[in-house]
Every structure is written in structure tokens, then in C-alpha cells.
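Encoded as C-alpha cells, the structure appears first; notes follow it.
Only a predicted model underlies this, so the values are computations on that prediction, with no experimental measurement involved. Letters A, B, ... mirror the listed sequences (proteins, then strands); counts begin at 1. Any value given below was found using the heavy atoms of this structure, including those in side chains, with hydrogens, waters and symmetry copies removed.
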Number of protein chains: 2
Amino acid sequence: MPRAGQRPRLVDVAERADVSLATASRALAGRDGVSAQVADRVRRVARELGYVANPYARTLAGGASSTVGLIVHQVDDPYFSEIAGGVIQLAAEQGLLVQICQSGRDPAYELQQLRHLIAQRVGIILISGSGYDDPRVEAEARAELAAFQDHGGRVAAIGRHALGVDAVLPDNEAGGRALAQHLVDLGHRRIAVAAGSAGLTTVADRLAGVSSALRQRGLPPSDLVVVHGEFTRGGGRAATEQILNEHPETTAIVALNDAMATGVLSTLRSRRIPVPGRMSVVGFDDVSVAADLAPSLTTIRLPMTEMGRTALTLALKPRSARPRRRSTGHLLVVRDSTGPAPVA
Amino acid sequence: MPRAGQRPRLVDVAERADVSLATASRALAGRDGVSAQVADRVRRVARELGYVANPYARTLAGGASSTVGLIVHQVDDPYFSEIAGGVIQLAAEQGLLVQICQSGRDPAYELQQLRHLIAQRVGIILISGSGYDDPRVEAEARAELAAFQDHGGRVAAIGRHALGVDAVLPDNEAGGRALAQHLVDLGHRRIAVAAGSAGLTTVADRLAGVSSALRQRGLPPSDLVVVHGEFTRGGGRAATEQILNEHPETTAIVALNDAMATGVLSTLRSRRIPVPGRMSVVGFDDVSVAADLAPSLTTIRLPMTEMGRTALTLALKPRSARPRRRSTGHLLVVRDSTGPAPVA
DNA sequence: CTAGGGTACGTAAGCGCTTACGTAAGCGCT
DNA sequence: AGCGCTTACGTAAGCGCTTACGTACCCTAG
């Protein structure tokens, strides 16, 4: 009999269904070795009692943990919150709970968060954001994750490939290439890049795409100005100041994510530089505000919600011998922030 | 001795420190009844071994659960992601993990998420977002939360007052009043409100503030046009269309949150209506992009990160007899989206 | 010198679940 | 009929912790 004012336990269900604890457990887990008739009875009783398994007891006893940990660089960056939205959506559909952590783009702190999640025995870890160029940190994270997987943990990464785990990967290089080609086709020759921190692999990849497009179009690489800063609006503002001061001949700015692009646009506006009349601007990611900026932003669309869902899907599947990769599509979305290069 | 390839358990620590399990547990929990010398030894051994308590075992045995559940309307809405950022920050500092859920602004689904969290035995629940006008749903949630608290659970709400739990509350009405006063002082008489869903208490409160300011200034309430829609950019766009079509005499639009304001600005731009020359626009919340919109948005600043932290702080304190309230400050931030009413 | 009480620790009983193992019944086969 | 195999279920041993209770010891008071 359920104790008054307490949630029903498995024994309560078992007693009321007149079976043993083991049978009740098996029936609810959908394991076989239980006749259909008994299984039905148990499930019915469980429903009547409003029984929900205690996840702590379940996990302790060796059942699967039902929580997924998600590490992002920063939750209030739309790129990450849209990815998180996808993860949370699918997790809810699967009856999983999502534990979310942010690393603040600090590799050491991220590693600490990762260890914390592992120590807390979450079942699944999703890790999203750029990898770090620092081989030491990445190697440590990789080792930690490998050990975690050996103990039955499940892992997937979003947007980073050096971790030795299943990953969903946008083609950052192709995206960068598409942006640069678009600008070159509009006649731009003096292009500057507002890049995120030099240590992030995403930055390197997108940048490589931009460079390769310029090479393809036969432009001297020396024409490309690259300014590194934070992958944020503030970083975009700072980079813009620097570009305007040091390279006034620039006619187009490639911001390597939309957050920076937002900062770029904001600074250009306050400097009263017409966009795209005097300066074209492109971003990357297509976060949902990109369409509502003024002018609306030309950018590369990444299916962020979908990326979150796919990552969780990967982690939910049984582990494969070799890390799986899922590449995501991307799409150049041309809006109002780009136009023909001004005539000199 | 720790089993090879396994995380150390409390017994491992106890054996190595040459004390009993109970003493080790007490020492690490900082409970008294342990001599300082022994406690030190245990702590040192634990550190050497890299011991981290298994939270499932701990919770099962009756210790406090170390996870806080956070329910928000939508994670990729900056208002919520900034609040979540604050919660996650403080939680990390305290060694707590945050489980995040989103309700999609559906009261029924939110209730389901709440039950899920409770069933999962999270220790602390934070619930953020507008309450719903529907007394049925709010009463059910309230009952659920009361029972949860009676079993030792901790709860705090952010921005909703009808739940009978500790809450941190922005003064939505005063904020609405400040916005309307600002507009009236600029000479606006034909003001329209782009309001979120009529069922949300936040909407009602902010709206009440706007109305009361107009009354105070002696303007006929019939001059106020109110259009309800979703509390999103799309909702803002739709509301703007309706306002422009049905009330072309309008000179200022009050969007009841920044998301809607973003949509309002976007629509005005595509209709080539100068802001603030022909139409002034204000928002509410001061999400971080508000300053980067074009034109930058006049709005009410709410300390969202702080609100998240405060809510967790409240929930961490021992339960008080009566629900506590913390009101947050708010500040009218005047930027470029508002100006004098055009002369007729 | 002993009773009473505090302090520091150990023993062991759970928390609610999963699952290895045991067992009884039913089946087809030789 | 007797054997082994499968099926359907029960028994009980944990998972790793917390904590009520027991015990040895020392200190103080009478």
C-alpha cells in the first residue's frame, strides 16, 4: 500500500498487481519474460497509481541514467540557445531531462564542467561549440570522453570534430567560401574578416573557406584583412573599429558569426556608413534575429535546431566502432546587407 | 581499494583514510561528530583519489538532491536565455546542475513538465515566465508545488506571483507606466500597444501600467489601441500590420516585450515608415540586442541575469512561513527609437 | 570511586530500484 | 515415462550513499 503522502514505489505497484518486484520491474521496462496478460495488468496498475520510477534508484541499480548533459559556450548566445532548443525538444519527446552547463568559451572551465557532468553520472553528454586549437586541452577532453564511453556513457559533439566522438558538423569551410564568393561576385576586392578568437577551430575553418574562395577567384591573399576578437557583438564592434581605422579601403566585412555581424552593423550605423552602399556585411549562422536587423543580414543558414536534435539522436543510438559524422546542410541567404562594391 | 577503471567510492576513501564509512560520510558532509584531525585526513584522501559522490546514491539515501530544474517558456528567447544564464552561473558556483525544460507557453504542457520534474525528484524548481490567467491551471500548478514543498522540495518563481511560492518580481506595471509617460511627454496621443497573448499575467500587468499612465495624464482611454498576438517577433510583425491598417493615426507603438518590438521595427522598416520620425517604438526587457537594433530600442531594462541568480538564491534558503517576494529594479532606457510625435 | 553525560567513532539498516540466479510448470521429444 | 528445454515468475543480492543507534572512551560532578 502506498504510504500516505508519498509517491508510490515499485513495490506498491507490484503488490497491487499481485506480482513480485522483479516482475513488475520487467513489465514496466518492457523486458520479456513476462506474459502479455501480466504485463498489461502491471502497466494498468502503475498508471492508476501515477507511478513514476525514481530515477536515482533506477540509475543506482544499474539502469540507464535518463539525463543528458549539454555543454555550450554561452546559453544566451542565440546560436547556442537555438541548438539547445532542439536538444530540449527531442529530449522532452523521449522523456529525458537536459542538464545544461556553459563554459564561457574557456577551455579549462569547459573541461571542468565536463568532468563534473561525468562525475554526476549523466548518461549522455552533448558538447556544442567550437573546439579549441590547443591540442593539450582537446586531448584531455578526448581522453575523458573516451573513458566515459568505455563505462557505457554516450557522447555526441556539435560543430567540433577533434573529440573522437559522434559529431554533427556544419561545413564551415564551404560556408565561408560561399560568403566570399558572393562578395567577390558583387565586385568586392578589399574584404576584411571580423573573426572570433584565433583559438577556435570554427573560426579557422570558416576563415579557410574565405581564403580559398579568394584564391579560387585569383585574388591575392594579401588583400584579405583578418581581425580577431571575441565571437560576440562586442567583438564585432571592436573589430569594425579596427578595420575602419587601419584599412579604410575595405568595402566588405565578413563576420564569422551573426553575433559579430550584429556588432559590425551597429558600429557602421553609428559611424553613419551606409550598408550596403558603402560597405557590405555578411554573417554566419542565420540566428533568428538576422532577418530583423537593419539592414537584414546576408548570412549562411545553419539548421541549428535540427543540429541539436541530430546530436541527441546520434548519442541515443548504440555506440559504433568508429565515430559517426553527420554533416548539416547550409545555405547562403542573401538579404539587404550586401550589394555591389562601390565604384572607386 | 578502488576497482580498476571505476570511479572511487566512499568506501575506497574510508578504507584509505582508515575510518568507517559513516565517519567518512560525516567528514565530507562537514557534519560534526568528527575530530578535526580525522576530518582533514578524510578530505585529503578524497582529493587524492578524485572522489566525487555519486549523486544518485546520495539522493536515494536521503541526502539533498543537487539538481535544480528550470522551466521557461522558450529557451531561444533572449529574455529567458539571459535569465537561464544567471541561474546556470550561480548553480555552477554552488556545484549544482540545472535541468532545463521549456513549456512553449502552453499551460497544460508546462504543468506536465512540472510534474515530470517533481517525479524526477529534482530538489529545486525554478519556474520562469508569465503566469496564465486561467485560474484552473494556476491552481493545479500551485497545488502541485505546495505538495512538492511539503516533501522538502524548494521552489521559486520568476515573474509570476500566483503560485504561492517565493518569487522575484519585476514591477511590470510601473515599467508600463514609465514607457507610456515617456511617450506622452514626447507629445504622443495616439498610442497603440502590441501586446502578447491576452492570457498572460505579464501582459495584463504591463498593459495596466500603460493605461494608468494615460489616465494620469488625463488622456481618454479610448485613445489606446491594444492588439494582442504572440509574445514573439512574428507577433510583433502581425500586430504592426494590424495597427497600421486599422489605426493609421497611431504615432507610437508600445511593444510589451523586446521580441515583439523587434518585429515592430522590422515591419515599419519594410513599410518604409521612419522611426522615430513618423512612428516611435518602445519595448520592454532590454534584452542585449535591443541596443544593436536599428534604430536602437527605447525600452525598460530588467536585470535578467540578476533575476535568475536571485531566484536560485531564494530557493536555496530554508523555506519561510510565507512566500517571500523580491522585487527587481527597472529602468527606462531611452535610445533612438523614440522621438517627438510628428506634427499633424 | 562511581554515576552521569558528552564526544568520537563504528555498525548496520535502509533508500527504491535492477538483475543474476533459482525454481516450478509446461512442452515436445525419444 | 523420462529427459531436457523453454517460459514465466519469485528470491535476494546488491548499487553507493546517509543516518539512527550502539559503544567505547574520557571528563566532570557528587
Please report, rounded to the nearest Å, how far the [atom2] atom of [N] is from the [atom1] atom of [X].
{"X": "B:Leu21", "N": "D:dT19", "atom1": "CG", "atom2": "C1'", "answer": "11 Å"}
{"X": "B:Asp12", "N": "D:dG16", "atom1": "CG", "atom2": "P", "answer": "9 Å"}
{"X": "A:Asp40", "N": "D:dA8", "atom1": "CG", "atom2": "P", "answer": "14 Å"}
{"X": "A:Arg58", "N": "C:dT19", "atom1": "CZ", "atom2": "C1'", "answer": "13 Å"}
{"X": "A:Arg9", "N": "C:dC17", "atom1": "CZ", "atom2": "C1'", "answer": "11 Å"}
{"X": "A:Gln120", "N": "D:dG16", "atom1": "CD", "atom2": "P", "answer": "15 Å"}
{"X": "B:Arg121", "N": "C:dC15", "atom1": "CZ", "atom2": "P", "answer": "13 Å"}
{"X": "B:Asn54", "N": "D:dT18", "atom1": "CG", "atom2": "C1'", "answer": "13 Å"}

Output the distance between atom NZ (A:Lys317) and atom CG (A:Leu312), rounded to the nearest 0.5 Å.
11.5 Å
From A:Arg31 atom CZ to A:Ser25 atom OG, the distance as rounded to the nearest 0.5 Å:
6.5 Å
Between A:Arg326 and A:Glu306 (salt bridge meaning N to carboxylate O under 4.0 Å), is one present in this structure?
no
Hits for side chain to side chain donor-acceptor pair (under 3.5 Å) against A:Glu48, two or more places apart or cross-chain, chain-then-number order -> A:Arg16, A:Arg44
Sequence neighbours excluded, the answer for side chain to side chain donor-acceptor pair (under 3.5 Å) partners of A:Gln74 is A:Asp76, A:Arg105
Using side-chain contact (heavy atoms from CB on, under 4.5 Å) as the criterion, point out the one residue from A:Leu316, A:Val87, A:Thr67 that pairs with A:Leu96.
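Exactly one candidate clears the test, A:Leu316.
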Nearest-nucleotide pick for [X], side chain only, options being [options]:
{"X": "A:Ala22", "options": "D:dA12, C:dG10, C:dC17", "value": "D:dA12"}
{"X": "A:Leu60", "options": "C:dC17, D:dC15, D:dC9", "value": "D:dC15"}
{"X": "A:Ser20", "options": "D:dC17, D:dG10, D:dG14", "value": "D:dG10"}

If only side-chain N and O atoms of A:Tyr51 are considered, is one of them under 4.0 Å from the OP1 or OP2 phosphate oxygen of C:dC17?
yes
Reckon A:Thr23 has a side-chain N or O less than 4.0 Å from the OP1 or OP2 of D:dG10?
yes
List, one per line, each side-chain donor-acceptor pair under 3.5 Å for residues 52-61 of chain A, sequence neighbours excluded.
from: A:Asn54; atom 1: OD1; to: A:Tyr56; atom 2: N; distance (Å): 2.8
from: A:Asn54; atom 1: OD1; to: A:Ala57; atom 2: N; distance (Å): 3.2
from: A:Tyr56; atom 1: OH; to: B:Ser65; atom 2: OG; distance (Å): 3.3
from: A:Tyr56; atom 1: OH; to: B:Arg121; atom 2: O; distance (Å): 3.1
from: A:Thr59; atom 1: OG1; to: A:Pro55; atom 2: O; distance (Å): 2.7

Between B:Ala57 and A:Thr59, name the one whose nearest nucleotide on DNA chain C is closer to the 5' end.
B:Ala57
Taking for each residue the nucleotide of DNA chain C with the nearest heavy atom, is it A:Tyr56 or A:Gly62 whose nucleotide lies nearer the 5' end?
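Looking at the nearest nucleotide for each, A:Tyr56 comes out on the 5' side.
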DNA chain C contacts made by residues 24-35 of chain A, counting heavy atoms under 4.0 Å
A:Ser25, A:Arg26, A:Arg31
Could you pull out all residues at least two apart from A:Arg319 that satisfy salt bridge (charged side-chain N to carboxylate O under 4.0 Å, His left out)?
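Counting only residues at least two positions away or on another chain, A:Arg319 forms a salt bridge (charged side-chain N to carboxylate O under 4.0 Å, His left out) with A:Asp150.
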Determine whether more than 12 heavy atoms belonging to other residues, nucleotides or ligands lie under 6.0 Å from atom CG of A:Asp32.
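Check fails, neighbour count at 12 or below.
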What's the angle between the local helix axes at either end of the helix from C:dC1-D:dG30 to C:dT30-D:dA1, using five pairs per end and rounding to 10 degrees?
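The end axes of the helix from C:dC1-D:dG30 to C:dT30-D:dA1 are about 50° apart, to the nearest 10°.
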